[in-house]
2 protein chains.
Amino acid sequence: MTAQGESQTPARRVTRQRVALQTLLDSTVEFRTAHQLHDELRAGGASVGLATVYRTLQSMAEDDELDTLRTGDGEVSYRACAEQGHHHHLVCTRCGHTVEIGGSTVESWTNSIAAAHGFHEPHHELEVFGVCDNCWNTSAD
Amino acid sequence: MTAQGESQTPARRVTRQRVALQTLLDSTVEFRTAHQLHDELRAGGASVGLATVYRTLQSMAEDDELDTLRTGDGEVSYRACAEQGHHHHLVCTRCGHTVEIGGSTVESWTNSIAAAHGFHEPHHELEVFGVCDNCWNTSAD
DNA sequence: CTATATGCAAAGTATTTGCAACATT
DNA sequence: AATGTTGCAAATACTTTGCATATAG
């Protein structure tokens with residue numbers, strides 16, 4: 001066996017499309033849907049099949065290499081993880097600008113709420129939305 | 001003009017299907033997807049078109065007569081509102097049992113976080129998941 | 001060479017919409 | 001009678017899957 005240690009991942013072939021997607025994600029700050037990423041890849045010349053984009057994003061997300069976020073429309077958005085561990089997002093509903101936030105406040109609050117109701121293994125999903133200052137000034141409400 | 005006051009709602013006809021749906025919702029404690037409700041209506045003899053179920057649920061939700069919740073699968077679930085105002089849910093991932101929770105803690109926390117980052121008109125989505133005590137005891141992890 | 005990855009198109013879900021028939025008001 | 005409502009089917013939108021082909025290892 002190779003000197004790889006305990007990684008049991010069967011195989012992870014470094015294909016052109018995987019590299020292209022990884023590179024794109026690394027250079028992207030905001031969340032992007034599979035479709036958006038697919039379009040951007042195409043625009044960048046490195047066309048990748050839509051199905052491949054979906055499959056790759058999924059596997060990356062499973063390996064915690066990506067953050068996922070479900071939009072209000074029910075679409076899933078992905079972004080390269082910038083922060084380790086559990087955290088949430090503050091998303092601008094106009095431009096999509098995102099700030100990662102992580103607060104022990106909510107963590108402990110949800111944990112105690114769950115405990116108070118006899119719930120075990122609590123976890124939660126939280127996203128905060130709003131209009132960032134820039135967009136706010138651009139077009140006053 | 002009628003003596004209706006300021007309600008600008010054009011008209012809200014009391015149809016058989018609306019009543020059926022309302023009744024079903026009133027007697028349902030947990031969240032249900034449009035499909036589930038549609039099936040239950042059919043099972044109960046009061047068949048209602050799926051499109052109508054969707055349309056009616058949507059309008060009820062818009063009028064804050066229903067709570068909505070997006071499942072991990074991207075499906076939308078509805079439930080008759082038991083509590084007024086903004087609140088969240090504690091959902092059992094095994095049986096679906098739900099507890100409504102409302103915490104000023106999170107509200108103020110998200111508001112200050114948003115403000116700290118220059119975000120305006122903040123709002124948020126939060127759901128807490130876990131295994132309720134009953135399910136927990138039924139099949140120890 | 002062999003197993004995994006890709007691409008395309010077809011299949012699946014969940015939800016919306018067009019439109020003629022219909023029922024509440 | 002007039003307008004909101006319903007049902008059905010077709011249309012959308014997002015995502016998944018089957019399968020033959022290409023390719024990393």
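The figures here come from the full heavy-atom set of this structure, side chains too, leaving out hydrogens, waters and symmetry mates. Convention: sequence-line order gives letters A, B, ...; per-chain numbering from 1.
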Query raised in the report: Among D:dT6, C:dT6, D:dT15, which is the nearest nucleotide to the side chain of A:Ala34?
Result: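 So the nucleotide nearest the side chain must be D:dT15.
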
Could you give the [atom1]-to-[atom2] distance, from [X] to [N], as a whole number of Å?
| X | N | atom1 | atom2 | value |
| --- | --- | --- | --- | --- |
| B:Arg12 | C:dT25 | CZ | P | 12 Å |
| B:Gln58 | C:dT16 | CD | C1' | 8 Å |
| B:Arg70 | C:dT13 | CZ | P | 18 Å |

Query raised in the report: Closer than 4.0 Å, any side-chain N/O of B:Arg18 to the OP1 or OP2 of D:dT5?
Result: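 So the side chain of B:Arg18 is within the cut-off, an N or O lying under 4.0 Å from OP1 or OP2 of D:dT5.
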
Requested in this report: May I ask you to verify if any side-chain N or O of A:Tyr54 is less than 4.0 angstrom from the OP1 or OP2 atom of D:dT15?
Outcome: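 Result: yes.
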
**Report entry** Result of checking A:Glu100, A:His124, A:Glu127 against A:His88 for side chain to side chain donor-acceptor pair (under 3.5 Å)
**Finding:**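 Exactly one pass, corresponding to A:His124.
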
Distance-only donor-acceptor pairs under 3.5 Å for side chains of residues 51-59 of chain A, two or more places apart:
{"from": "A:Thr56", "atom 1": "OG1", "to": "A:Thr52", "atom 2": "O", "distance (Å)": "2.7"}
{"from": "A:Ser59", "atom 1": "OG", "to": "A:Thr56", "atom 2": "O", "distance (Å)": "3.1"}

Query raised in the report: B:Asp73 or B:Val14: which one's nearest nucleotide on DNA chain C is closer to the 5' end?
Result: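 Nearest-nucleotide comparison on DNA chain C picks B:Asp73.
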
Query raised in the report: So which one's nearest nucleotide on DNA chain C is more toward 5', B:Ala51 or B:Arg13?
Result: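 Whichever sits nearer the 5' end wins; that is B:Ala51.
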
**Report entry** Ionic contact status for A:Glu65 with A:Arg12, cut-off 4.0 Å
**Finding:**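 Judged by the 4.0 Å cut-off on N to carboxylate O distance, A:Arg12 and A:Glu65 do form a salt bridge.
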
Query - Helical bend (five base pairs per end, nearest 10°) for the helix from C:dC1-D:dG25 to C:dT25-D:dA1 - result: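 The value is 30°.
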
